[in-house]
Amino acid sequence: MKILVIGTGAREHAIIHSLHRETASGSAAHELHAAPGNPGIAGLATLHKVDPLDGTAVAALAEQVGAELVVVGPEAPLVAGVADSVRAAGIPVFGPSGEAARLEGSKSFAKEVMAAAGVPTAMAHVCTDVTELAAALDAFGAPHVVKDDGLAAGKGVVVTDDRAAALAHGEACLAGGGTVVVEEYLDGPEVSLFCISDGAKVVPLVPAQDFKRVGNEDEGLNTGGMGAYSPLDWAPQGLVDEVMARVAQPTVDEMARRGTPFSGVLYVGLALTSRGTRVVEFNARFGDPETQSVLARLLTPLSEVMLAAALGRLAELEPLRWRREASVTVVVASEGYPERARSGDPVTGIEDAEALPGVHVLHAGTGLSETGELVSAGGRVLSVVALGTDLADARRRAYEGVAKIDLKGSHHRTDIALKAERGEVTVP
């Protein structure tokens, strides 16, 4: 199949890595294209210099390469309606319409849909000025949860006991002309579950857990994600079935009722609280870095899953098959991330890391210098992914891979999946 993947990050590299891996398992080789891609993706797909936010240009490129499936990876192109342009050209596309992607593009809209669908979530106040913001902070009390209503690349959320810091974050969001959502704090561990939808049928992938804070023990600023792992042996039995019945299917049904069917990935961010399972957030695409760990365990060809969703044929899909191995992803970030990420430093050691059993490396923020040297070009530079017989084995392999990477001033968390390995994750 000719497949075009839109995006530049480790999520898109993970998708293309999975599509390329299908050939090794005996499937016919795909002709893979990416726009604009990154240096790592370039080893597996033909790159094209197209603005991923320009739906007309993306659709034209899809027609030019004869794409039989287009995969729109990041949230910004989805919210901008790039998938709509591709669909209008008559090409199957994996990703929701711009209207349906509002589930991620507007947290207040997502709350409205959840309320209509009866989805359990945190109580929230939508604030449009500082007076409302201050009142909401006082109403809920600490810890304060303040969210930018729009897209913020995973960094628009502040969770703090410091009311002044919470107020300052909310004021900054309002100053940009935005809206702020203040929520009650949800206790308990968080879980990410990707649900594939064709607008009617919903199929879950396996749960994962990611690590948003930059430092060990969940200290420091929020980031786009510093690592992830799967499976979650500590998760309650029946969790996936519960989320499907109470969250994913009702949400997809509500979107269809509104005339904006949701087709693609509904990312359900959950908190397993003392009062039961609650939705923290919806995203309209695969999450990064959870995708890296989840897709590493998927045995069913990813191309079949995405095409079935794009064509409205998920009901015809065989049950998904999964590796028994555990998967751990560790993000290698550049110096200064997430506040002032340094770029332009040489990146070496990737081949040495990938020579280790069960390890592969996905590019996120990389580029090429004028001399063709691989350099850092963003905050989260690489994702080191490892499969192992269990979490301990996968963690060991992942960190052995990280140790092979050389990037001046880089940093990473050393406790990804550590509590799960030790059996220290508990559900209240």
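If you're wondering where the values come from, they're calculated on a predicted model, not measured in any experiment. Values below: all heavy atoms of this structure, side chains included; hydrogens, waters and symmetry mates excluded.
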### Value rounded to 0.5 Å, distance of NZ in Lys419 from OG1 in Thr426
9.0 Å
### Task
Identify whether the distance between the nearest side-chain nitrogen and carboxylate oxygen of Glu184 and Arg278 falls below 4.0 Å.
no
## Note on the structure
Residue pairs meeting ring pair (Phe, Tyr, Trp, His ring centres under 6.0 Å), one or both in residues 232-256, sequence neighbours left out, come to none
### Set of ring pair (Phe, Tyr, Trp, His ring centres under 6.0 Å) partners for Phe194, sequence neighbours left out
Tyr267, Phe286
### Any pair counted as salt bridge (charged side-chain N to carboxylate O under 4.0 Å, His left out), so long as it reaches residues 228-255, sequence neighbours left out
Glu242-Arg246, Glu254-Arg257, Glu254-Arg258
### Message
According to side chain to side chain donor-acceptor pair (under 3.5 Å), does anything in residues 306-317 pair up with another residue at least two apart or in another chain? List the pairs.
### Response
none
### Query
Could you give all pairs that pass the ring pair (Phe, Tyr, Trp, His ring centres under 6.0 Å) test and reach residues 104-132, with sequence neighbours left out?
His125-Phe140
### Task
Measure the shortest side-chain to side-chain distance between Cys127 and Val182 over non-hydrogen atoms and say whether it is less than 4.5 angstrom.
yes
### Query
With side chains defined as the heavy atoms from C-beta onward, is the minimum distance between His17 and Gln292 less than 4.5 Å?
no
### Any pair counted as side chain to side chain donor-acceptor pair (under 3.5 Å), so long as it reaches residues 130-141, sequence neighbours left out
Thr128-Glu132, Asp138-Arg163
#### Entry: Pairs involving residues 50-69, ordered by first then second residue, that meet side chain to side chain donor-acceptor pair (under 3.5 Å) (sequence neighbours left out)
none
### Query
Is any side-chain heavy atom of Arg397 less than 4.5 Å from a side-chain heavy atom of Leu387?
no
### Summary
Here the gap from Gln209 atom CD to Ile416 atom CD1, rounded to the nearest 0.5 Å, amounts to 9.5 Å
### Query
So, Lys107 and Glu183, do they make that salt bridge, N to O below 4.0 Å?
no
### Task
Could you list all the ring pair (Phe, Tyr, Trp, His ring centres under 6.0 Å) pairs where at least one residue sits in residues 38-93, not counting sequence neighbours?
His33-His48
#### Entry: Inter-residue atom distance Asp288.CG - Glu75.CD, 0.5 Å rounding
9.0 Å
### Query
If we only count heavy atoms from C-beta on, is the Leu266 to Leu103 side-chain gap below 4.5 Å?
yes
### Task
Please list, chain by chain and in numerical order, all residues satisfying side-chain contact (heavy atoms from CB on, under 4.5 Å) with Ala100, sequence neighbours excluded.
Pro96, Ser97, Met255, Phe262
### Task
Mind checking side chain to side chain donor-acceptor pair (under 3.5 Å) for Thr179 and listing every partner two or more places apart, or none if nothing turns up?
none
### Query
Once you round to the nearest 0.5 Å, how far does CD1 of Ile41 lie from CD1 of Ile16?
4.5 Å
### Query
Does Asp84 pair with Arg87 as a salt bridge, N-O distance under 4.0 Å?
no
### Task
Indicate whether any N or O donor in one side chain lies under 3.5 Å from an N or O acceptor in the other, for Thr366 and Asn38.
no
### Validation row: Val279, Leu270 side chains within 4.5 angstrom (heavy atoms)
yes
### Query
How about Ser383 and Arg11: do any of their side-chain heavy atoms sit closer than 4.5 Å?
no
### Message
Would you say that Pro231 contacts Arg297 through its side chain, given a criterion of any heavy-atom pair below 4.5 Å between the two side chains?
### Response
yes
### ring pair (Phe, Tyr, Trp, His ring centres under 6.0 Å) partners for His144, two or more places apart
none
### Query
Can you name the closest pair of heavy atoms from Pro236 and Leu272 and give their distance?
CD-CD1, 3.7 Å
## Note on the structure
Partner of Ile196 under side-chain contact (heavy atoms from CB on, under 4.5 Å), picked from Leu205, Leu320, Val202, is Leu205
### Task
Would you give the length of the straight line joining atom NE2 of His411 to atom CG of Asn216, rounded to the nearest 0.5 angstrom?
11.5 Å
#### Entry: Step-by-step salt bridge (charged side-chain N to carboxylate O under 4.0 Å, His left out) determination, Arg413 to Asp218
CA-CA 9 Å; Arg413 283 184 59 159; Asp218 292 327; 3.0 Å; yes
### Query
Which side chain to side chain donor-acceptor pair (under 3.5 Å) pairs, counting each pair once, include a residue from residues 318-334, with sequence neighbours left out?
Ser293-Ser327, Ser293-Thr329
### Query
Tell me, do Ile3 and Ser303 make a side-chain contact under 4.5 Å, heavy atoms counted?
yes
### Task
Enter the distance from Leu295:CG to Arg21:CZ here, rounded to the nearest 0.5 Å.
7.5 Å
